[in-house]
Protein chains: 2
Amino acid sequence: MNIKDASARAGLPAKTIRYYEEVGLIRPLRDANGYRAFRESDVHKLGFLGRARALGFTIEDCRVLLSLYEDQSRASADVKEIAQKHLAQISDKIAALQAMQATLSHLVACCHGDDRPDCPILADLAPPG
Amino acid sequence: MNIKDASARAGLPAKTIRYYEEVGLIRPLRDANGYRAFRESDVHKLGFLGRARALGFTIEDCRVLLSLYEDQSRASADVKEIAQKHLAQISDKIAALQAMQATLSHLVACCHGDDRPDCPILADLAPPG
DNA sequence: CCTTGACCTTCCCGTGACTGGAACCCCTAT
DNA sequence: ATAGGGGTTCCAGTCACGGGAAGGTCAAGG
């Protein structure tokens with residue numbers, strides 16, 4: 001299977017697939033003409049990677065998750081730990097964004113938003129003094 | 001005022017200040033020895049930039065906001081529009097992160113997390129079929 | 001006068017996870 | 001022979017800096 005079909009099957013851009021090979025997440029075979037030859041197992045891995053990335057795992061997390069996935073003697077605790085750390089980071093990001101959201105939505109609500117220069121948003125951004 | 005004092009006053013790393021000059025957000029004077037000479041107005045702008053960045057505005061947003069800030073004849077509607085667009089992006093990011101959070105926290109709760117290989121997290125990441 | 005150490009300068013590389021594009025090769029159909 | 005639609009590599013750019021090297025400047029102390 002060439003890269004375009006693998007791309008369609010995995011739902012990932014060809015560029016992304018080449019990148020995943022570059023960083024060593026997959027190792028497709030090569031045809032005599034140099035074209036990548038994807039096996040079912042490669043497409044399967046790409047699907048795994050696409051889902052893991054969609055959940056926000058980093059490439060390095062994906063590397064570990066993939067190796068755990070393929071290790072039949074893994075401990076589920078190892079997977080859970082990675083997921084929990086990632087969850088904590090997600091929570092941190094959400095909290096930071098919600099803080100921005102709170103401040104900004106308040107300021108936006110206060111700004112009359114017409115052609116007059118008076119603006120509480122800029123007033124808040126200005127340093128005190 | 002040299003860069004270290006400006007850094008302390010503005011609460012921004014010296015590296016960041018140099019970067020802001022590089023991208024044209026500030027234009028400090030130069031002493032005869034080539035050192036940057038920060039005026040009060042420069043420090044003031046840096047404070048503005050630090051706050052705007054803390055609210056998640058991009059550098060390009062900051063550039064526009066700063067010009068509006070210094071334009072006494074601005075229309076508050078212009079400021080409000082930028083803030084509203086930014087707010088929309090923040091909301092999108094929060095929603096995406098919350099979706100990840102929901103999926104992941106469910107999977108984490110389902111994973112017993114011991115030394116057995118059975119793991120619903122990996123099972124969910126695996127493509128169907 | 002010399003040295004030390006804390007400043008300052010510019011310049012270049014690295015970050016994460018790709019994306020776009022150039023330049024070029026391969027294969028099939030017309 | 002050529003046109004097109006694959007494929008390949010490699011380089012540059014993204015965003016907002018941070019790290020670190022190489023070297024200039026300045027005030028204080030011996």
Side-chain angles (χ1 to χ4, degrees), chain A residues 1-38 42-43 45-46 48-66 85-86 89-90 92-93 96-97 100, chain B residues 1-38 42-43 45-46 48-66 85-86 89-90 92-93 96-97 100:
Chain A
M1 191 186 330
N2 284 348
I3 200 167
K4 205 182 187 199
D5 292 326
S7 164
R9 294 267 308 275
L12 291 173
K15 277 277 192 186
T16 298
I17 295 176
R18 292 195 191 97
Y19 174 70
Y20 287 171
E21 182 188 15
E22 189 190 327
V23 300
L25 288 175
I26 55 167
R27 301 188 190 283
L29 302 175
R30 294 290 179 138
D31 285 337
N33 58 15
Y35 288 17
R36 289 172 183 81
F38 294 87
D42 295 317
V43 174
K45 281 190 199 180
L46 287 171
F48 182 96
L49 291 170
R51 286 157 182 270
R53 290 287 302 128
L55 284 179
F57 286 105
T58 66
I59 291 291
E60 291 314 308
D61 279 345
C62 288
R63 191 188 307 280
V64 179
L65 289 172
L66 197 52
K85 282 186 182 167
H86 181 41
Q89 292 184 347
I90 288 176
D92 289 350
K93 280 191 191 171
L97 286 169
M100 293 180 193
Chain B
M1 191 186 330
N2 284 347
I3 199 168
K4 205 185 185 197
D5 292 327
S7 165
R9 294 267 309 274
L12 292 173
K15 277 277 191 185
T16 298
I17 296 177
R18 292 196 190 96
Y19 174 71
Y20 288 171
E21 182 188 15
E22 190 191 326
V23 300
L25 288 175
I26 55 166
R27 300 187 190 282
L29 302 175
R30 295 290 180 139
D31 285 336
N33 57 14
Y35 288 17
R36 289 171 182 81
F38 293 87
D42 295 316
V43 174
K45 281 191 199 179
L46 287 171
F48 182 96
L49 291 169
R51 286 157 181 269
R53 289 288 301 127
L55 284 178
F57 286 106
T58 66
I59 292 291
E60 289 314 307
D61 279 345
C62 288
R63 192 189 305 282
V64 179
L65 288 172
L66 196 53
K85 282 186 182 168
H86 181 42
Q89 291 184 347
I90 288 176
D92 289 351
K93 279 190 192 172
L97 286 169
M100 292 180 194

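The nearest whole Å value for the distance from the CZ atom in B:R63 to the C1' atom in D:dC15 is 13 Å. Summarising the geometry, the separation between CG on B:D31 and P on D:dA27 is reported as 11 Å, rounded to the nearest angstrom. The CZ atom of B:R30 sits 17 Å away from the P atom of D:dG24 (whole-angstrom rounding). What separates CD1 of B:I17 from P of C:dT10 is a distance of 13 Å, to the nearest Å. Computed from coordinates, the A:E60 CD to C:dG14 P distance equals 16 Å when rounded to whole Å. Atom NZ in A:K4 sits about 16 Å away from atom P in C:dT28, given to the nearest Å. Between B:N2 atom CG and C:dA6 atom C1' there is a gap of 12 Å when expressed in whole angstrom units. Whole-Å rounding puts the B:E22 CD to C:dC11 P distance at 9 Å.
Listed pair B:R36 / C:dT10 meets the phosphate criterion, a side-chain N or O lying under 4.0 Å from OP1 or OP2. Using a 4.0 Å cut-off, no side-chain N or O of A:N33 falls inside it from OP1 or OP2 of D:dG7. Contact between the side-chain N/O atoms of B:T16 and the OP1/OP2 oxygens of D:dG18 is found at a separation under 4.0 Å. Residue A:R53 places no side-chain N or O under 4.0 Å from the OP1 or OP2 atom of C:dG16. B:Y20 has a side-chain polar atom (N or O) that falls below the 4.0 Å cut-off from OP1 or OP2 of D:dC17.
Side-chain atoms of A:I59 lie closest to C:dA17 of the nucleotides D:dA16, C:dA17, D:dT9. Ranking C:dT19, D:dT8, C:dT9 by closeness to the A:I3 side chain, first place goes to D:dT8.
Using a 4.0 Å heavy-atom cutoff across all strands shown, B:R18 reaches at least one base atom of the nucleic acid.
Contact of B:K15 with D:dG20 (side chain to base): a donor-acceptor pair of N or O atoms is detected under 3.5 Å. With hydrogens and angles left out, the side chain of B:Y19 and the base of D:dG18 share no donor-acceptor pair within 3.5 Å.
The salt bridge (charged side-chain N to carboxylate O under 4.0 Å, His left out) with B:E21 is formed by just one residue from the set B:R36, B:K45, B:R27; it is B:R36.
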(message) Using the rule given for side chain to side chain contact (heavy atoms under 4.5 Å, CB included), can you reason through B:Y35 versus B:I3, listing the C-alpha separation, both sets of side-chain angles and the distance that settles it, and then say yes or no?
(response) CA-CA 8 Å; B:Y35 288 17; B:I3 199 168; over 6 Å; no
(request) Apply side chain to side chain contact (heavy atoms under 4.5 Å, CB included) to the pair B:L49 and B:T16, showing each step before the final yes or no. (result) CA-CA 11 Å; B:L49 291 169; B:T16 298; over 6 Å; no
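Between the CG atom in A:D61 and the NZ atom in A:K85 there is a gap of 9.5 Å [rounded to 0.5 Å]. Atom CG of B:L46 is separated from atom CG of B:L66 by 9.5 Å, given to the nearest 0.5 angstrom.
Along DNA chain C, the nucleotide closest to B:G34 and the one closest to A:F57 are compared, and the more 5′ of them pairs with B:G34.
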